[in-house]
Amino acid sequence: MTPAARIAAVIDILSEAPDGVPAGTVLRRGLQQRRYAGSGDRQAISALFWTIYRAAARIGWHLEQLGAESTPRTYVLAALRLGDGMDGATLAAMFGGDDRHGPASLNVAETKLADDLGGRSLDDPSMPLSVRLEWPEALVDEVGAALGEALESELEAMRGEAGTDIRINQLKLK
């Protein structure tokens, strides 16, 4: 798959996601429908998919601030621009329509959105705390009471990808 085809696959997977289905199940189903994708393609699709899910509130906040429509395409566009730091020219090429398996060309509103996202970063100091930490607003106070001053550092750590955890069964060593 080309990089543009991988982007199109993520847009399709997000578009086909039914409400109330866990993200892992959505991704697994989407990858099962794309059996032709190799392991590197699956890894790239998964990485972009999880980048979007881990930053959904922050991406949504940026889209809302810019008056952009919240669609799978705009979420992917914003994730590539804000999360991966892809420049406008590369985005235009990925969404250029030259690749028959890639996403359709950017329309005028999407091109403007890509330009407007150019000077922004995924984390913005003016975001509400619940958005910046990707945590439900109703639970921030409760968790804040439990974590105290460590609230932001602990919840920021939970936003990222989990590290590798090697567990050894001590009973099997004897």
Side-chain angles (χ1 to χ4, degrees), residues 6-33 42-88 91 94-95 103 106-165 167:
R6 292 172 177 173
I7 291 170
V10 173
I11 293 169
D12 290 344
I13 290 170
L14 291 172
S15 298
E16 298 163 357
D19 291 336
V21 176
T25 303
V26 168
L27 179 61
R28 185 173 33 82
R29 287 178 185 169
L31 291 175
Q32 285 174 344
Q33 293 172 355
R42 290 171 182 270
Q43 184 178 12
I45 291 167
S46 296
L48 180 55
F49 177 87
W50 287 115
T51 295
I52 293 166
Y53 262 88
R54 287 188 191 106
R58 291 175 286 163
I59 291 170
W61 182 86
H62 281 286
L63 294 176
E64 183 180 312
Q65 295 301 307
L66 295 171
E69 189 178 358
S70 290
T71 66
R73 278 179 62 89
T74 57
Y75 267 78
V76 170
L77 181 68
L80 292 170
R81 188 78 160 133
L82 298 171
D84 291 350
M86 192 177 284
D87 61 65
L91 269 176
M94 291 292 174
F95 284 80
L106 295 175
N107 62 32
V108 174
E110 292 168 339
T111 302
K112 182 181 179 332
L113 174 63
D115 291 341
D116 291 346
L117 290 170
R120 294 173 170 253
S121 65
L122 190 55
D123 292 320
D124 189 296
S126 61
M127 287 178 175
L129 185 63
S130 61
V131 171
R132 194 171 70 246
L133 297 176
E134 297 282 335
W135 199 258
E137 186 176 0
L139 298 178
V140 169
D141 292 336
E142 187 176 326
V143 173
L147 295 176
E149 291 186 20
L151 171 72
E152 289 194 44
S153 63
E154 292 294 325
L155 294 184
E156 282 177 6
M158 292 178 64
R159 287 189 321 194
E161 189 173 348
T164 304
D165 185 14
R167 298 175 188 252

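Any value given below was found using the heavy atoms of this structure, including those in side chains, with hydrogens, waters and symmetry copies removed.
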Taking atom [atom1] of [X] and atom [atom2] of [Y], what is their separation to the nearest 0.5 Å?
X	Y	atom1	atom2	answer
Ile45	Arg6	CD1	CZ	7.5 Å
Gln65	Met127	CD	CE	8.5 Å
Leu117	Lys112	CG	NZ	10.0 Å

From CA spacing to verdict: side-chain contact (heavy atoms from CB on, under 4.5 Å), Val26, Phe49: CA-CA 10 Å; Val26 168; Phe49 177 87; 4.2 Å; yes

If you take all heavy atoms of [X] and [Y], which pair is closest and at what distance?
X	Y	answer
Ala56	Tyr75	O-CE2, 3.6 Å
Val131	Ala57	CG1-O, 3.5 Å
Glu156	Leu133	CG-CD2, 3.5 Å
Leu82	Arg120	CD2-O, 3.6 Å
Ala79	Leu48	CB-CD1, 4.3 Å
Gly30	Ile13	CA-CG1, 3.8 Å

Less than 4.5 Å apart, side chain to side chain, heavy atoms only: is that true for [X] and [Y]?
X	Y	result
Ile11	Ser15	yes
Leu80	Phe95	yes
Leu91	Thr111	no
Pro103	Arg73	yes
Leu129	Leu151	yes
Arg159	Leu155	no
Arg29	Pro18	yes
Leu113	Thr74	yes

Checking [X] side chain against [Y] main chain: does a donor-acceptor pair fall under 3.5 Å?
X	Y	value
Glu142	Leu139	no
His62	Ala78	no
Asp84	Met86	no

Over 12 foreign heavy atoms within 6.0 Å of CD, Glu137: no

Other residues, nucleotides, ligands: >12 heavy atoms within 6.0 Å of Glu149 CD: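 Check fails, neighbour count at 12 or below.
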
side-chain contact (heavy atoms from CB on, under 4.5 Å) between Arg81 and Leu77, worked out: CA-CA 6 Å; Arg81 188 78 160 133; Leu77 181 68; 5.7 Å; no

Salt bridge (charged side-chain N to carboxylate O under 4.0 Å, His left out) between Glu134 and Arg54, worked out: CA-CA 8 Å; Glu134 297 282 335; Arg54 287 188 191 106; over 6 Å; no

Side-chain donor-acceptor pair present, Ser121, Asp123, cut-off under 3.5 Å: no

Criterion side-chain contact (heavy atoms from CB on, under 4.5 Å) on Trp61 and Arg132, from CA distance to verdict: CA-CA 9 Å; Trp61 182 86; Arg132 194 171 70 246; over 6 Å; no

